[in-house]
Amino acid sequence: MLAGILFSCVNDLQSIQKVNYDPKAPDEVTTDLKVFYTDSGYARIEIKAKLAETYRQPELITKLKDGLQVNFYSPDGTIVSTLKALYGEINFTKGLLFVRDSVRLLNHEKKQEMETEVLFWNQKDSTIYTNAPVVVRSPKGVLFGKGIKTHQDFSYYEFLKPYGKFNFDE
C-alpha cells in the first residue's frame, strides 16, 4: 500500500505547464524599477517606473506602466532634462523608447516644458521626436505645432508645422 501511495503522486511536467503557462504573460515583472545608464562611471540616463514588464519574444521589449520618468544627465552629473509619461515601451532591439499618455519633457535650466500625447526617443542618436500635436511653454511664451524634433536635453528644438505667438529678444 505504501508503494502505491508513493508512485501514484507523480507530477508530469507537461501537464503542469499546460495549467500554469500563459504565452502572453511577461517573462519578468519588476515593481519600482530604477535603472542607470552610465558612461565611464558617470550617470547619463536614469529610468524610473512603477511597474515594468519584460517580454523576450518576438523582440526584447520592456513595457513601463503606471507612470515613468527618464532623467537625462549632463557630463558634470546634473539633471538637464526630464521626460515623464504614464506609459512607455523600450525596444532594446531597435534602441527606441516610445512613451504616451500625458507626456512632458522639461528642460530645467531654460524652464521650458513640452507637452504631447506620443513621443519617441532614439537612444542611438539621442533625439526625441513626434508627429503628434505639441505645446512648448517657456518664460518667453507658448508655441504650438504638429510634430517636433529635439535633442534629449531639450536645449534645441524644431517644429515640423509650427503655429502660435512668441516674444523674441532683440
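Along the sequence shown, the residues carry numbers beginning at 1.
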Measure from the side-chain N and O atoms of K63 to the backbone N and O of A52, and report whether any donor-acceptor pair falls under 3.5 Å.
no
Could you tell me the separation between the CZ atom of F144 and the CZ atom of R137, rounded to the nearest 0.5 Å?
6.5 Å
So salt bridge (Lys or Arg N to Asp or Glu O under 4.0 Å) across residues 76-96, not counting sequence neighbours, yields none
Step by step, work out the side-chain contact (heavy atoms from CB on, under 4.5 Å) result for F159 and L143.
CA-CA 9 Å; F159 278 102; L143 287 175; 3.7 Å; yes
Quick check: is L64 connected to V29 through a chain of hydrophobic side chains (ILVMFWY, heavy atoms under 4.5 Å apart)?
no
Please examine the side chains of T127 and T150, heavy atoms only from C-beta on, and report whether any two atoms are closer than 4.5 Å.
no
Are any of the side-chain nitrogens in R100 or E117 under 4.0 Å away from the carboxylate oxygens of its partner?
no
Under the ring-ring contact (aromatic ring centres under 6.0 Å, His included) definition, can you give me all pairs with a residue in residues 115-140, not counting sequence neighbours?
F72-W121, F98-F120, F120-Y129
Calculate, to the nearest 0.5 Å, the distance between atoms OG and NZ belonging to S138 and K110 respectively.
9.5 Å
same_hphob_cluster(L60, L68) at 4.5 Å side-chain heavy-atom cutoff
yes
Where the side chain of N107 meets the backbone of D153, is there a donor-acceptor pair that is under 3.5 Å apart?
yes
Please name the residue in the list V70, L33, N71 that meets the side chain to side chain contact (heavy atoms under 4.5 Å, CB included) test with K48.
N71
CD-CD distance between E53 and E28, expressed to the nearest 0.5 angstrom:
11.5 Å
So, do I61 and T54 sit near enough that their side-chain heavy atoms are less than 4.5 Å apart?
no
Supply the atom-to-atom distance E113 CD to T82 OG1, rounded to the nearest 0.5 angstrom.
10.0 Å
Heavy-atom check, side chain of V134 versus side chain of L160, under 4.5 Å:
no
Between I79 and H108, does the side-chain contact (heavy atoms from CB on, under 4.5 Å) criterion hold? Intermediate values first, please.
CA-CA 8 Å; I79 297 174; H108 298 281; 3.7 Å; yes
Can you find a heavy atom in the side chain of M114 that is under 4.5 Å from one in the side chain of Y157?
no
Does the side-chain contact (heavy atoms from CB on, under 4.5 Å) test come out yes or no for D66 and L86, once each step is laid out?
CA-CA 6 Å; D66 300 331; L86 294 178; over 6 Å; no
Any chance you could measure Y55, atom OH, to N91, atom CG, to the nearest 0.5 Å?
14.0 Å
Would you check if F92 and T62 make a side-chain contact, meaning some heavy-atom pair closer than 4.5 Å?
yes
Hey, is R104 close enough to E115 for a salt bridge, meaning N to O under 4.0 Å?
yes
Side chain to side chain, I90 and I47, heavy atoms closer than 4.5 Å:
yes
Flag the pair V142 / V135 as yes when at least one side-chain heavy-atom distance between them is below 4.5 Å, and no otherwise.
yes
With clusters defined by side-chain heavy atoms of hydrophobic residues (ILVMFWY) lying less than 4.5 Å apart, directly or transitively, does V118 cluster with L105?
no
Just wondering, do L51 and T30 contact through their side chains at under 4.5 Å, heavy atoms?
no
Is a donor on one side and an acceptor on the other found under 3.5 Å between the side chain of S81 and the backbone of Q152?
yes
Y37 side, atom OH; Q123 side, atom CD - distance, nearest 0.5 Å:
5.5 Å
Expected output: side-chain T116 to main-chain P133 donor-acceptor under 3.5 Å
yes
Between Y87 and L96, is there a shared hydrophobic cluster once you connect ILVMFWY residues whose side-chain heavy atoms come closer than 4.5 Å?
yes
Within 6.0 angstrom of D27 CG, more than 12 heavy atoms from elsewhere:
yes
Could you walk me through whether L83 and L97 pass the side-chain contact (heavy atoms from CB on, under 4.5 Å) check?
CA-CA 11 Å; L83 174 64; L97 170 69; 4.3 Å; yes
Criterion side chain to side chain contact (heavy atoms under 4.5 Å, CB included) against I148, the qualifying member of T130, I128, N131:
T130
